[in-house]
Amino acid sequence: MKAKRDEVRIGFYVCHCGHNIAAMVDCAAVARYIATLPGVVLSRDYKYMCSDPGQELIQQDIREYGLNRVVVASCSPLLHEHTFRGAVTAGGLNPYFFHMVNIREHDSWVHTDRVLATEKAKDLARAAVERVVHHKPLEIKKVPIHPDVLVVGGGIAGIHAALTLANAGKKVFLVEREPSIGGHMAKFDKTFPTLDCAACILTPKMSEVGSHPNITLWTWSEVVKVDGYVGNYTVQIKRKARYVIEDLCTGCQDCIAHCVYKEPKFDDLFNERLGKRKPVYIPFPQATPQVVLIDPEVCLNFKRNKNPDGTPVVSDKCKKTCVEACGEKRAIDFTQKDQVVEIKVGTILVCTGFKTFDARRVPAYGYGVYPNVYTALEVERLVNASGPTGGQVVLRQGTNPDGSPKNPRSIGIIHCVGSRDKKTNLWCSRVCCMYSMKLAHLLKEHTGAEIYNFYIDIRTPGKGYEEFYNKLLEEGTHFIRGRVGEVTDWAMTPEEEGKLVIRVEDTLAGVVRRIPVDMVVLATGLEPQADADAVRRLFNMSCGGDGWFLERHPKLAPVNTFTDGVFLAGCCQGPKDIPDTVAQAGAAAAEALALIDKGYVEQEPNTAHILDAECSGCKSCIPLCPYTAILFDETRQKAYINEALCKGCGTCVGSCPSGSIVQNLFEDAEIFSEIAGVLADEPVAAGRPGNLTQAAIP
Amino acid sequence: MEIKRTIKYEADRVPGFGREVMSVPGCEALEHCIQCGTCSGVCPLSIYMDYTPRQVMELVRSDFKNEVLRSHTIWLCASCYACTVECPRQIRITDIMYELKQRAIKEGVYPPRFPIPVLAEEFTKMVRNHGRISETRLVTRMYLRTHPLAALGMAGLGLNLMKTGRFSLTQDRIERHGEMEKLMAAVDRENGKADA
Amino acid sequence: MSQAPAPAAAPAANPRDWSPRIVAFFCNWCTYTAADLAGVSRLKYAPNVRVIRLMCSGRVDPQFILDALARGADAVLVGGCHPGDCHYVEGNYKMLRRHQLLQRMLTDLGIEPERVRLEWISAAEGEKVKRVINEMTEQIKALGPLGLPRKFAEWDREVIALAREVHARDAAAGPCPAHAAAPQPGETVHA
Amino acid sequence: MKYAYFPGCSLKGTGRAYEESLLPVLRHLGVEVQEIEDWNCCGATAYMAVDEGKACAAAARNLALAERTGLQQMLAPCSACYLVLNKAQHYLNEYPAMRRVVTRALDSLGLQCRGDTAVRHPLDVLLNDVGLDAIRQKVTRPLTGLRVAPYYGCQIVRPYATFDDQANPTTMDRLLEALGATVVHWPLKTKCCGGSLTGTLPEAGLRLSYILLKEALKRGADVIATVCPLCQFNLDAYHAKIAARWEPVRIPTVYFSQLMGLAFGLAADQTVLHRSMVPLRFQPAPVART
């Protein structure tokens, strides 16, 4: 150990990061102090270490001063470790002769006392200097990448990403849980701010997905299990029974026409329950794939009770006019079961989207109590020409003087429902201002009604968005700045009779108003999917405190996750509009492509290995490894680690009773010297403080 | 036409007032106010207020102490807590109103003969002296101090209360009287210590 | 700490006043990232903790904790992913088991179990990093210094004195090969 | 089932009909209550407006006296008392400084307050402890045909409600239905009656009472059922003034406990309907029980 210490030549650099570090840490003092430590031949402070001149400085110093260890105290290693390892390599050293100290995120940014923050920086830097002595040269491992990609979720994000990848010649599996791809966008009538028809821009992409030779589209399917690691994932997908053989169905829909139910009778979920469908159905006319499915919950050919495994029981009680109508195609199969298929892919794109806020959670707005209170998504269907009313805006309750269903003459649109509220969701859902204005425009166009927008703040940060707001103002739509207090049906004045009354403070005028309307539209916010937490676990991702999937870094790695090879796109990462979603999907696809075309991934060589001579063969490590990377050689009675399977968690190392397992980059000697380093008042002498600790270990 | 200058100068502010209010238990969340107006929207009495509850929140936060303590708003609050449960930032607006009432009473800045603080004062006096409230007695005292003539208008009501056996001018009191006096004195003593 | 002794939590405090020294082992994926998030969010917390990054809380060898205490730490904080969220499936559970055993052992050694704390902090919980560190700093401040190195030194002195005494007595009583060499000062002997 | 009972000042004064009808109903259902000895005024909303420390101390004296009974649960029928006692407990548990002051102040009276007594409303106890089945069993004269507007007012559901929904409470609805009455859909069930403003600022306060009465009549109610002595007073006592200001909106307002007594077939001196200024004229017919 002592001899080694004499051989090391450490270069130490402390970064000012402009004022980010220098304002709270006396960088020069840190550099002066570190210079006094044994083994340190050079100690510098510099304004921006990550800049080109900063990196060149390291390279020059390595050559000029013969450095064989480098320590940089700057930001988080999660941000720039890679950068500095590159600089060290360029200087001619093995990149693992480097260690990084975090004195920005963990020090200057979180403390308020310059003296104490500087002391902390010295402690952390000293620990790194102690640690780096023990570093060894390591080889970067290269793992080949399977070129196929899994895209989870067939909304606009998944569709765009899948097409980008497929057009680049990659094989893509697109898995969607609903019977058709299209997601929320397929339900929209128009898109803001250009007002182009959502179907017109989406359906060509949907059919391209359906017919693309490189895309395997599995709808009505869910990912149930993910194993493996970047480049080599094994994924199990449950293909739920449709009771229709996909390959045989031509989408002629004769079965629907001939169903024993003459009229549609069951809630049409695609139309937000505003319309009805039959037990055999296709979710919407442009659905992709054009394949029908049967709902066993309501189909007469199934019993209402289930098998013990949850699968429906065929009753055979129905006349099966659908089968008759299908005729020679024989696509209907009541005995179909859920199937699990397994695929191998190298990368995964998670594009699982969002759900809309449940308006019932804000009881003051009367959704579910007053029939003429609608959610925005319901109104999207109501104004849609292919919607349940053929684009007629008619209310659930009330009639016109001629007895026809009532058309609203006045409409209140309440923004921020469920958003910006500590009791529900604190975040701004980003799209509600714009879609509310879009709906205001469409509703005015369809009905000529007076439209009131009730908003807290109008947020139009997008290309052409403020111009759209301006257009709405020109159209005479009323904008009232105030969060609505309540929607009620009791009248105080004659003109309020029979209306929904919105009570609100017009905060700009400074008066409380009561505004009677025929229809209330709730601009519900966006929320993580109900099962986001389960999905996150499936792909080993993280969620933010608000439940959205967490990107690796909001600015530098916005589509990466903490799991290599798993990427994010669309609203599953946070609320965003269609342009941003498509841009992000393209970015995620590009990240995946970059990985695939490189052909391999470099892996941190932080794997573990067993020192043969010291292994006692107790086997206690074997069940600890979650990757079954530890094997046992019966003839030699020794354990050994398959380094290809090892992920480098170090759990086995932490529990080996004989201390015979070594984790690269996290060797015991490295960690003990780091402990000693942060605590030492004096430069550390090599070795442990005493044998109490050893004696104490049972 | 009578015109009034409404501009506010920095000298009209009482710097630190907002912070002071926000440091009172229950009033902390005011710093998160986004001025959405939900409080005014749900307040059944906001239609009579000179400043809406939302405006009061902003005036407090911006240190306009005099405007706030002299406003009618704080006295119109009927403590129904609708604003408190609906506020999207979970600001306990009712408790802030209580705090402002306390300060207005302490500083004596309310209109003379204004019945609400008088009622509050008479109420606390009665609790301190007797431990219990005799409602008809309390209300009678309030009218005598504010609008003695209006009390005459209440005669019909008094008569009806008598008819239904609900009128009483005897003072109900706790048995160990003196305890309330002692308790309140002890609170004063403890608070004094904390201030010192 | 080179010149100044341990840092103090309160900004205005005299650095010469005692203030706890806490060593933390944070897992790379959740807690270390959460501490980064606390930094990015500019949350302010006590400057008493020195973080050592490991890939997983499962890597934390109980010896690391005892070594830190023996070298003068007043407390040790271990941070890992929430149960079920471990990047390596279940390393955090392994740490939990070791932690429970260690707590019992600390009690036996007469060290307050509060001095070793295990917390699950996800990558999104920057706020929790702040809360836990502040809480723990206050708690350890209340407990006072652990001072194991000083105690070791005392014990060393006692043992050496005792050995000398025995040696002297033995020498007076006559030669005895078993007690030929008494330990010299400076040499480390722990009971 | 036994509860420490905190009547509060109103139940001994203008709201005596509440106590006079509630206690027999509870007795009839086998619920025992023990009045807290030497209780004092809870402080109501007025005290909070003067000094919250003292308001808390006044409330805490009652909590301490309740703890002395050894009963874990405390019944507070008046909405203001229910709110204030709950609020004091929240404050004592949330704010250590407040707790310190109050603890020392109580010390001077030789009292301690742990702050763990559950402060409960009779509706909560009737529905969750007694249960609707037990109540249905006691109904001998179902209130068939009586259309009731259930009025919860503000302070039992806000802000510390735990036993019912803040926006749309239903405990009294279910109770009234169990008595055989018809519950009228009435969206104002948690709106404010005006509180003490009916006396101090009649223009503002009485208007709120007026709206409640008007809307109840409009929705076809025969009677308003209330849980709070101040609400009852405001909705019952000011009809002449309301008629003079706006329009006559005569509809009786009684306590839910009076309706329970009526359905249980209790004597007139236990339903005390004569205490209302606008009388409820409804006599339910007995049914033969099998």
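All chains are named by letter (A, B, ...) in the order of the sequence lines, taking the proteins before the strands, and each is independently numbered beginning at 1. The model shown is predicted, which means the values in this text are computed figures rather than measured ones.
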Considering only heavy atoms, give the residues of residues 35-45 of chain B separated from chain A by less than 4.5 Å, sorted numerically, with 'none' for an empty result.
B:Gln35, B:Cys36, B:Gly37, B:Thr38, B:Ser40, B:Gly41, B:Val42, B:Cys43, B:Pro44
Ordered numerically, the heavy-atom neighbours of chain A under 4.5 Å found in residues 13-28 of chain B are none
Name the member of A:Val362, A:Leu426, A:Val511, A:Asp457 that forms the most heavy-atom pairs with chain B at distances under 4.5 Å.
A:Leu426
Between A:Val512 and B:Ser46, the two heavy atoms sitting closest are CG2-OG, 3.3 Å
Could you check which of B:Arg89, B:Gln90, B:His32 has the highest count of heavy-atom pairs closer than 4.5 Å to chain A?
B:Arg89
Highest number of heavy-atom pairs under 4.5 Å with chain A among B:Gln55, B:Met49, B:Arg54 belongs to B:Arg54
Run the side chain to side chain contact (heavy atoms under 4.5 Å, CB included) check on A:Arg514 and B:Ile47 step by step: do they pass?
CA-CA 10 Å; A:Arg514 284 174 65 91; B:Ile47 53 174; over 6 Å; no
Within 6.0 angstrom of B:Arg92 CZ, more than 12 heavy atoms from elsewhere:
yes
Using modelled atom types and a 3.5 Å cut-off, is there a donor and acceptor pairing between side-chain atoms of A:Lys423 and backbone atoms of B:Glu86?
yes
